[in-house]
Every structure is written in structure tokens, then in C-alpha cells.
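Right, one structure below, let's go through it.
All values derive from a computational prediction rather than experimental measurement.
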Number of protein chains: 2
Amino acid sequence: MADVISRADATQGRPSGDSGRLIAEPLSVDERPEITFVELLFFAYRDFTSDPDAVLAAYGFGRAHHRVVHFVNRHPGIRVADLLDILNITKQSLGRVLKQLVDGGFIEQVQGPQDRRQRLLYPTETGRALGLRLMAPQERRIADALEALSPEERQGAERFLRRVIDSDQRDMVERLIGS
Amino acid sequence: MADVISRADATQGRPSGDSGRLIAEPLSVDERPEITFVELLFFAYRDFTSDPDAVLAAYGFGRAHHRVVHFVNRHPGIRVADLLDILNITKQSLGRVLKQLVDGGFIEQVQGPQDRRQRLLYPTETGRALGLRLMAPQERRIADALEALSPEERQGAERFLRRVIDSDQRDMVERLIGS
DNA sequence: GAAATTACGTCAGCCATGTTGACATATTTT
DNA sequence: AAAATATGTCAACATGGCTGACGTAATTTC
């Protein structure tokens, strides 16, 4: 358990099975250096998203609720269609969690003043508080990670993440985050 | 659609509802600079994981299969318990997808030579090919993202991701990836 | 002013993938 | 011989994606 991968077993040549159909050679970082980042992204995101889970569980919510609460707090008055665009999910998926958030008093829908078909989404005070509470551990984690980095290294982290995003989505992200 | 957030609606002061229970003030990056990284991680990971989905769909597989195939390729002969540890999922969840991968001829289980209770996992040639095919677009994406960065910026990206990982998991990750 | 389009909601049902808890089996360790 | 370990399995359940179809109100277009 402590070792996670016991090298003795993991690199022990040909398995005793039968033919040559099995492969004992590991994919190596030496040959494919990008694997490092592939796996770091996996582990970093896994831990990063685990932060809010405990908080969410107390409310009976999941990660989907978190995402909705987050972006409504970031963009009060956002239209449903725009939220769908950001989250890349379907109306039905959003509808379920949104209903729970509205019922629970975290988000309210306001009829659009110009276009009355729209239901603009606003956080309530409770919803804002929840959003902050969910983000707090993530902010701390990010701040701790950045702390040890030089300014140019920080810039590298940010530029890297921006360029991992689909090129045709970067403008939208830039507009959402600011750049 | 093009604008995603229409500023006109999004920042239009107090919603016309009723009391002061609704909040129109956006959470801002100026006050909370870590939000930039919180959201960049979200979008980057979203797009990063979308790469292999098309390939997976052709096999009727999901992301869970991808993760298993990846780590078995990276560590041929890995024990089931170690894989569970890496993926942070339960035996039952792994069991389902592993069975499909074994039935489909992508992974084989070999009885441990020292400890015959163990079922060491190896990729078949087909499984190795699938692993490479799934990782290819991700490698390209990473390589493209790194290309524009200075050596120190690249180091910043890597150090940042390493430090986002739970501190008590960093040793394990280091052992898995090498550092 | 009628017709088309848009924004949103909803119903029904399906699927993938995570969970818990309990239990079985073979093997190794004590 | 007994205890601990590695793995598998069964049943049941929850979350959160999805599709497709349909309805309604409001707006835009012709």
C-alpha cells in the first residue's frame, strides 16, 4: 500500500502466461515526455475537485450544483442558455440541479427586463455564501501552489492552462475570466 | 451565443424582483485573483478529457476504461489494489470496467508468481495500441501548449500542477511519474 | 397581423460510473 | 489452526450525463 507500485512485481519481465500477446514494457516518460503533464493534470484535478465535496455532501449536493453556483455567482444575471454554453451540458441536466438550487433558496430566477422570455439567474445571499464557502479551499490550494513559484513560473502555469483549452474556446474563456 | 455573457444583461444592477435578497455583484478576479486558476483548471481539464471521448465511444467505452487502460499500460503487472489506490475508486467500480476490458481482449490477468492471490494486470498488444491511440491527442495538446513557453515557464507549469496535488499524495505521484 | 424563431421548461427513459455493505474463495502469514 | 490478505461478486442505490419529443410564452420577421 505504501509503495503503490511494487517495482519487483511491476517490472518482472515476461508474465508467465503463454504467448507473446502480453506486454510487459511500461510506457515510459523518457520516450513520451508529455505523459508527465497528462498524469499531473489528472492527479491535480482529482485533488482540486475533492476539496468542495465534503461541503457539498452536507447539503446533499454534488459537483454539478457546485459548478452552477460558481458561475451564477461569477455572473449574476446570466441567462440559462449562456450557462449551458459554459458548462457544455444539456438543458435537461442543468434543469435538474437548477431546480434544486432554486427550491433550496440559493438561486433565484428573474424575468429578463428587455426580453421577458429570459430567466436571468441571480444568487441569493445564501447562494453567495455557499459559493464562497465552496471556493475557499480551492483558493487556498491555488495560493499555496503559487506561493513557491517565481513570477515567470506563475506566468508559465497560467499560459500553459490557457493553451490547453481548445483554441476555439479561448476567446470565450478570456471573456469569462478576463485576461 | 457568440458573446456567451451579454454584459448588458449580466451587469444590469439590481434585478427587478423584490427585496435585497438577490445579489447582482459578480465575484471578481480583482478581489480574488485565484479564481483565474480555479476556472482555468476547470476549462483546461474539460477540454483535455474531451479528446479521447470520440475514440472511446467507438468501442462503447467511457472515461473509466480510459483511466484503467492508461495506468495498466504505464505499469504492466500492476496489482488490482494498487490500481484502486491510484484511481481512488472502489473495487466494485473498477471490477465492472476491468471485466469489460478483459473480455474485450485489452487487458489480461496473470496470477502473481510470488503471491498467487494476486492477479497482475497486463495490456495485450491490442490494449497497448488502444492506450497509445487514446493518449495521442492529449500528447499533441500538451506539446502544443508547452511549445510557446520558455523553459522557466514550463517548469512553472509543472511545479504548479505538482503542488496542486494533495501534499500527502505527492510522494506517490512522484513515484508513479518520476520526478 | 400571421408565421417563424427563440428561450426556456418538462416529461419519459436510458446509460455510465460512482457508492455501500455483505459475503465467498484462495492464499499467505502468524 | 487461525488470522489476515488479495481479489471477486452480488444486490441495491445515487448522481449526473444523455436523447427525443413536446409545450408555452415572447419576440422577430415577413
Side-chain angles (χ1 to χ4, degrees), chain A residues 1-6 9 46 49-50 52-54 56-57 59-69 72 77-103 107-121, chain B residues 1-6 9 46 49-50 52-54 56-69 72 77-104 107-121:
Chain A
M1 194 72 70
D3 261 13
V4 176
I5 303 290
S6 94
D9 285 358
R46 183 194 66 176
T49 54
S50 75
D53 284 355
L56 288 163
Y59 293 84
F61 289 160
R63 288 183 190 170
H65 302 82
H66 182 192
R67 292 193 283 268
V68 172
V69 166
V72 170
I78 190 175
R79 292 186 298 142
V80 169
D82 290 337
L83 191 51
L84 289 175
D85 241 43
I86 292 175
L87 300 179
N88 261 2
I89 58 174
T90 58
K91 198 168 38 164
Q92 294 75 6
S93 292
L94 174 59
R96 255 183 318 220
V97 306
L98 188 52
K99 187 176 189 318
Q100 293 174 271
L101 289 168
V102 169
D103 290 351
I107 288 179
E108 286 194 19
Q109 293 166 300
V110 176
Q111 196 171 55
Q114 280 90 23
D115 186 335
R116 295 185 310 180
R117 289 171 303 181
Q118 298 174 351
R119 310 285 173 83
L120 307 182
L121 306 176
Chain B
M1 194 71 70
D3 262 12
V4 176
I5 303 288
S6 95
D9 285 357
R46 183 194 66 176
T49 54
S50 76
D53 284 355
L56 289 163
Y59 293 83
F61 289 160
R63 287 182 189 169
H65 303 82
H66 182 191
R67 292 195 283 269
V68 172
V69 166
V72 170
I78 191 175
R79 292 186 300 141
V80 168
D82 291 338
L83 192 51
L84 289 174
D85 240 44
I86 291 176
L87 300 179
N88 261 1
I89 59 175
T90 57
K91 200 168 36 163
Q92 294 73 6
S93 290
L94 175 59
R96 254 184 318 223
V97 305
L98 188 53
K99 186 175 189 318
Q100 294 175 272
L101 289 168
V102 169
D103 289 351
I107 290 179
E108 284 193 21
Q109 292 166 301
V110 176
Q111 196 172 54
Q114 280 89 25
D115 186 335
R116 294 185 311 178
R117 290 170 302 181
Q118 299 174 350
R119 310 285 174 85
L120 308 184
L121 305 176

| Run the side chain to side chain contact (heavy atoms under 4.5 Å, CB included) check on B/R96 and B/Q92 step by step: do they pass? | CA-CA 7 Å; B/R96 254 184 318 223; B/Q92 294 73 6; 5.9 Å; no
Taking only the side-chain nitrogens and oxygens of [X], find out if one of them lies under 4.0 Å from OP1 or OP2 of [N].
| X | N | answer |
| --- | --- | --- |
| A/S93 | D/dC18 | yes |
| B/H65 | C/dT17 | yes |
| A/R116 | D/dT24 | no |
| B/Q109 | D/dG8 | yes |
| B/R79 | D/dA6 | yes |
| A/T90 | D/dG17 | no |
| B/Q92 | D/dT7 | no |

| said: Determine whether a donor-acceptor pair (one donor, one acceptor, N or O, separation below 3.5 Å) exists between the side chain of B/R117 and the base of D/dT5. | reply: yes
Between [N] atom [atom2] and [X] atom [atom1], what is the distance in whole Å?
| X | N | atom1 | atom2 | value |
| --- | --- | --- | --- | --- |
| B/L56 | C/dC15 | CG | P | 18 Å |
| A/Q118 | C/dT6 | CD | C1' | 10 Å |
| A/K91 | C/dT6 | NZ | C1' | 10 Å |
| A/D82 | C/dC8 | CG | P | 8 Å |
| B/K99 | D/dT7 | NZ | C1' | 15 Å |
| A/L101 | D/dG16 | CG | P | 10 Å |

| request: Name the residue closer to the 5' end of DNA chain D, choosing between A/F61 and B/G95 according to the nucleotide with the nearest heavy atom. | output: B/G95
| said: Closest-nucleotide mapping onto DNA chain D: is A/R67 or B/D115 further toward the 5' terminus? I mean the 5' end. | reply: B/D115
| query | Checking all strands, does A/R63 fall into the base, sugar-phosphate, or nothing category for heavy-atom contacts under 4.0 angstrom? | reply | sugar-phosphate
